[in-house]
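As structure tokens, the structure follows; a few thoughts come after it.
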Amino acid sequence: MQIEVVTLFPEMVRGALAHGVVGRAIERGLARVGTEDVRAHTSDPHRTVDDRPYGGGPGMVLKPEPLLAAIRAAHARLPAGSPRICLSAQGEVFDQASAHELAGLPGLLLVAGRYEGIDERAIELGMDRELSIGDYVLSGGEIPALAVIDAVVRLLPGVLGDERSSIEESFAEGLLDWPHYTRPEVFEGRAVPQVLLSGNHAAVRRWRLGQSVARTWSRRPDLLALHGLAAEASGLLNEYLAARAGGGRKVEGESHEQDRSGNREEPHDPRGSGFQAG
Ligand code: 4HQ
């Protein structure tokens, strides 16, 4: 896949892409990321890229001429069918489903703005869609562009090895991750859950799925509503809820307190079977 980033800070983008999984994918030729410097498309002595907002008010606006010229130059390097995407808090929220969708395309043009915003006519003329990485305000589109690149590139064929086939394409897709442990077996008095030392692969798999489902129910019920649950996961959630209530409560229609602060409703002792329910 070929990706181009239109930015005022090409060094920031290139630097961030030199490390880790994405850096290796680029080295191996599985993805190519180019940058286009908006300032290179100015012609005045001051290389001006911003100007004051019509209507007044604080802050500056990214001028349409150099931005559109940069978009066109970068887009010309991309294969046909590569969308021009602006990173913007006004965009549709980028999620894992969007990452899978973008990973199926031949190329991507990502436009990272700065200042209070981009002249609306450059958005109308130069972008095919707008994506937001979440409901908070950043000072530039570079970090959102890097988040999109990271999430997309790790989905490209060959970028991840076994890690992916076992998680993303697995029974736990759409759920929060299960807890991970490595050596030592006891750390500051806290032991690794016994089931993970048992060598019983079916029991480990079941425990992990149960942990994922319980955490998702507790911390991010919106994800359960979005993805639904496969039969095994649904059964494990019912077991968790029954154990938690000390009764036979069922999932459907049940109200619960949303706990996004750390799922501390269970006692910590992670030993013993399944769900750590209190
Ligand atoms: N921006 N998701 C870029 C964001 C944002 C977000 C504010 C976009 C600043 C210049 N982008 N402008 N959230 O906060 O994508």
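FYI, side chains are in, hydrogens and waters are out, and symmetry mates aren't considered; it's all heavy atoms of this structure. Sequence positions, counted from 1, serve as the residue numbers for this chain. Note that the coordinates shown come from a computational prediction; the quantities given were computed from them, not determined experimentally. Start at 1 and go down the list; that is how both ligands and their atoms are numbered.
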*asked:* Can a donor-acceptor pair be found, under 3.5 Å and without considering hydrogens, that links the side chain of Arg39 to the backbone of Arg47?
replied: yes
*Between CD of Glu4 and CG of Leu109, what distance do you get to the nearest 0.5 Å?*
7.5 Å
_Side chains of Ile3 and Arg32 in contact at under 4.5 Å (non-hydrogen atoms)_ = no
_Point-to-point distance, once rounded to the nearest 0.5 Å, from CD of Gln96 to CG of Leu226_ = 12.0 Å
*For the residue pair Trp207 and Tyr181, does the interplanar ring angle fall in the parallel (under 30°), tilted (30 to 60°) or perpendicular (over 60°) class?*
tilted
Report all N/O contacts between ligand 1 and the protein shorter than 3.5 Å as a table of atom names and distances to 0.1 Å; if there are none, say 'none'.
| unit_1 | atom_1 | unit_2 | atom_2 | d |
| --- | --- | --- | --- | --- |
| ligand 1 | 2 (N) | Ile133 | N | 3.0 |
| ligand 1 | 11 (N) | Ser88 | N | 3.4 |
| ligand 1 | 13 (N) | Gly134 | O | 3.1 |
| ligand 1 | 13 (N) | Tyr136 | O | 3.0 |
| ligand 1 | 14 (O) | Tyr136 | O | 3.4 |
| ligand 1 | 14 (O) | Leu138 | N | 2.9 |
| ligand 1 | 15 (O) | Ser88 | N | 3.4 |

*Any sub-3.5 Å donor-acceptor pair from Thr216's side-chain atoms to Ser212's backbone N or O?*
yes
